Amino acid sequence: MTSLKSEFLRTVTERGFMHQCTDLERLDALLAGGTRAAYIGFDCTAPSLHVGSLMQIMLLRWWQKTGHQPIVLMGGGTTRIGDPSGKDESRKLLTDEIIAANLGGIKSVFGKYLTFGTGATDAIMVNNADWLDKLNYIDFLRDYGRHFTINRMLTFDSVKLRLEREQPLTFLEFNYMILQGFDFVELFRRNRCILQMGGSDQWGNIVNGVELGRRADQAELFGLTSPLLTTSSGAKMGKTAQGAVWLNAESLSPWEFWQYWRNTEDADVGRFLKLFTELPLAEIARLEALQGSEINEAKKILAGEVTRLAHGDAAAAEAAETARKTFEEGAAADTLPTVEIPAAELEAGIPASVLFTRAGLAASNGEAKRLIKGGGGRINDTAVDSETRVVSPADLKDGAIKLTAGKKRHILIKPV
């Protein structure tokens, strides 16, 4: 690490972002010699990005903070096909209207992490539909298809995985890697972009673009990937029993986002602080060395720092205060996530196990009953004493009922 000359490569290597890089030594020399442009592509498959994309967003943020220009490539064109990388089956094809709506929702995320403008290191956002939608198929095949061999394409993991599992891979999807390679060449031509970054599942697609640029334009291009991230227990980042951990407040409240990070496994605290915050490494080393219950303070700092970047200082402070009231005072804070139920249902009485399931605190009534039987279910901070307990208007406290699963998951039930 000490031999690296460029601040960007030193930073991402020290903080754990580096997985693979094409010609690291040459890229290091170029980055040390002046401002360069790099991009990461994001397909528009949902109205928001989730935590699984956060490592890539932080890579772009560090790229800008170390004096370079980040390019956010929105996949308005490639989303119409669907990236087969890491997938056992074809993605559902989306309409142009849904893609446009998703693109609008995703755009808002990047303004929190990057500075956009017209300066040398200001971020720009582009949409590959601007050039892919205008391609003439015959001309494209003649000019670029000849640079790709089926022999080589069959060796890529995204293709091998499908074939080994005897899952169909459509010709539509097979084209995806060619189009992604073309995106890189187009960004080099338009913006002198020399580096594409992405997750390690994108390595084959990225190398394709590097090689296409060399063959088509004699361009010197580079690729860098980050490791695919899982928690210490093997869970995929960005997924919970309740669903995806979205980055947009409209899709997931800042409180629930804060809680996700507060619930980080002990073994992951140091790693996540390096990847998802900008705290100095010396401070991170101090925090990850904490033992016993003290590690909870490090988790609160992690939750606060990540939430501050995603949602702003005020939202992070409010989430921390909600947590303090909930955990330290036992209060049912107004900012807890809320589930509404018809007042008539509550009047008739709802079995506690059914209510815990409706609130998303259990995946099924059976799981809810096991939670209650094991002493892990509480109503208004009092343990539920029976699996047959019925919840009624008598349980309302300040117009709501607070359900708790375990020590950290809380939901307010409000009749409407």
Side-chain angles (χ1 to χ4, degrees), residues 1 7-19 40 48-68 70 72 109-115 123 197 199 224 226-232 235-240 244-249 252-291 294-324 408:
M1 287 188 290
E7 185 183 359
F8 173 75
L9 288 176
R10 280 201 311 273
T11 299
V12 298
T13 301
E14 290 170 349
R15 299 185 81 97
F17 288 93
M18 179 71 75
H19 181 66
I40 299 178
S48 170
L49 297 176
H50 60 68
V51 163
S53 298
L54 193 52
M55 186 185 288
Q56 308 311 316
I57 296 172
M58 290 301 292
L59 267 175
L60 288 175
R61 183 174 170 87
W62 281 114
W63 180 258
Q64 185 169 51
K65 285 174 71 72
T66 55
H68 301 286
V72 180
V109 171
F110 291 97
K112 307 284 182 64
Y113 292 90
L114 302 173
T115 300
M197 299 185 287
L224 185 152
S226 58
L228 288 184
L229 200 59
T230 58
T231 65
S232 292
K236 189 175 182 180
M237 280 292 293
K239 299 287 185 181
T240 69
V245 182
W246 301 107
L247 299 179
N248 282 14
L252 187 77
S253 72
W255 154 254
E256 292 171 287
F257 187 78
W258 189 96
Q259 272 293 108
Y260 172 78
W261 296 100
R262 169 62 181 83
N263 293 338
T264 294
E265 298 172 31
D266 292 2
D268 291 325
V269 171
R271 185 167 53 129
F272 289 179
L273 283 166
K274 289 178 183 177
L275 292 171
F276 303 118
T277 82
E278 296 170 342
L279 292 177
L281 292 176
E283 173 65 3
I284 292 172
R286 182 188 73 79
L287 291 170
E288 68 177 328
L290 296 175
Q291 299 294 319
E294 288 185 338
I295 195 68
N296 290 327
E297 292 307 309
K299 293 181 184 181
K300 291 177 186 177
I301 291 172
L302 170 67
E305 289 294 312
V306 181
T307 305
R308 182 179 61 79
L309 285 173
H311 298 293
D313 293 338
E318 184 179 5
E321 178 62 12
T322 298
R324 188 188 68 77
K408 302 173 182 177

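Source: prediction; values computed, not measured. Note that these values count all heavy atoms, side chains included, but never hydrogens, waters or copies made by symmetry.
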| field | Criterion salt bridge (charged side-chain N to carboxylate O under 4.0 Å, His left out) on E288 and R271, from CA distance to verdict | value | CA-CA 9 Å; E288 68 177 328; R271 185 167 53 129; over 6 Å; no

| Is R10 paired with E7 through a side-chain N to carboxylate O contact shorter than 4.0 Å? | no

| query | Between K112 and L309, is there a donor-acceptor pair closer than 3.5 Å when you use the side chain of the first and the backbone of the second? | reply | no

| task | Flag the pair L290 / N296 as yes when at least one side-chain heavy-atom distance between them is below 4.5 Å, and no otherwise. | result | no

| task | Return yes if some donor-acceptor pair links the side-chain N/O of R15 with the main-chain N/O of K274 below 3.5 Å, else return no. | result | yes

| Candidate pair E305 and E278, rule side chain to side chain contact (heavy atoms under 4.5 Å, CB included), full reasoning | CA-CA 8 Å; E305 289 294 312; E278 296 170 342; 6.0 Å; no

| said: So, taking the atom named CZ in R286 and the one named CG in L281, what distance separates them when rounded to the nearest 0.5 Å? | reply: 14.0 Å

| said: Between E256 and S253, do the side chains contain a donor N or O and an acceptor N or O under 3.5 Å apart? | reply: yes

| task | Show your working on side chain to side chain contact (heavy atoms under 4.5 Å, CB included) between S226 and M18 and close with a plain yes or no. | result | CA-CA 5 Å; S226 58; M18 179 71 75; over 6 Å; no

| remark: Interatomic distance, CD@E318 vs OG1@T307, rounded to 0.5 Å, equals 11.5 Å

| said: Could you go through N248 and L252, starting from their C-alpha distance and side-chain angles, then the distance that decides it, and tell me whether this counts as side chain to side chain contact (heavy atoms under 4.5 Å, CB included)? | reply: CA-CA 6 Å; N248 282 14; L252 187 77; over 6 Å; no

| task | Go through the steps to decide whether I40 and V72 satisfy the test side chain to side chain contact (heavy atoms under 4.5 Å, CB included), and finish with yes or no. | result | CA-CA 6 Å; I40 299 178; V72 180; over 6 Å; no

| query | Which residue, L302, T277, L279, forms the side chain to side chain contact (heavy atoms under 4.5 Å, CB included) with L287? | reply | L279

| query | Is there a side-chain contact between Y113 and L60 (heavy atoms, below 4.5 Å)? | reply | no

| Got K65 and F8 here, is their nearest side-chain heavy-atom distance under 4.5 Å? | no

| query | Looking at CE of M197 and CG of L224, how far apart are the two atoms once the value is rounded to the nearest 0.5 Å? | reply | 6.5 Å

| field | Side-chain (S53) to main-chain (L49) donor-acceptor, under 3.5 angstrom | value | no

| request: Using modelled atom types only, decide if a donor and an acceptor are shared between the side chain of R262 and the backbone of K299 within a distance under 3.5 Å. | output: no

| query | Is there side-chain contact between W246 and F257, with at least one heavy-atom pair below 4.5 Å? | reply | no

| task | Using atom types as modelled and distance alone, determine if a side-chain donor or acceptor of T66 lies under 3.5 Å from a backbone N or O of W63. | result | yes

| field | Whether F276 and F272 hold their rings parallel, tilted or perpendicular, with breakpoints at 30° and 60° | value | perpendicular

| request: List the steps, then state whether side-chain hydrogen bond (donor to acceptor under 3.5 Å, both in side chains) holds for D268 with S232. | output: CA-CA 6 Å; D268 291 325; S232 292; 2.5 Å; yes

| query | Would a distance-only check, ignoring hydrogens and angles, find a side-chain to backbone donor-acceptor pair under 3.5 Å from Q64 to T115? | reply | yes

| task | Could you check if a side-chain atom of L275 sits within less than 4.5 angstrom of a side-chain atom of L229, using non-hydrogen atoms only? | result | yes

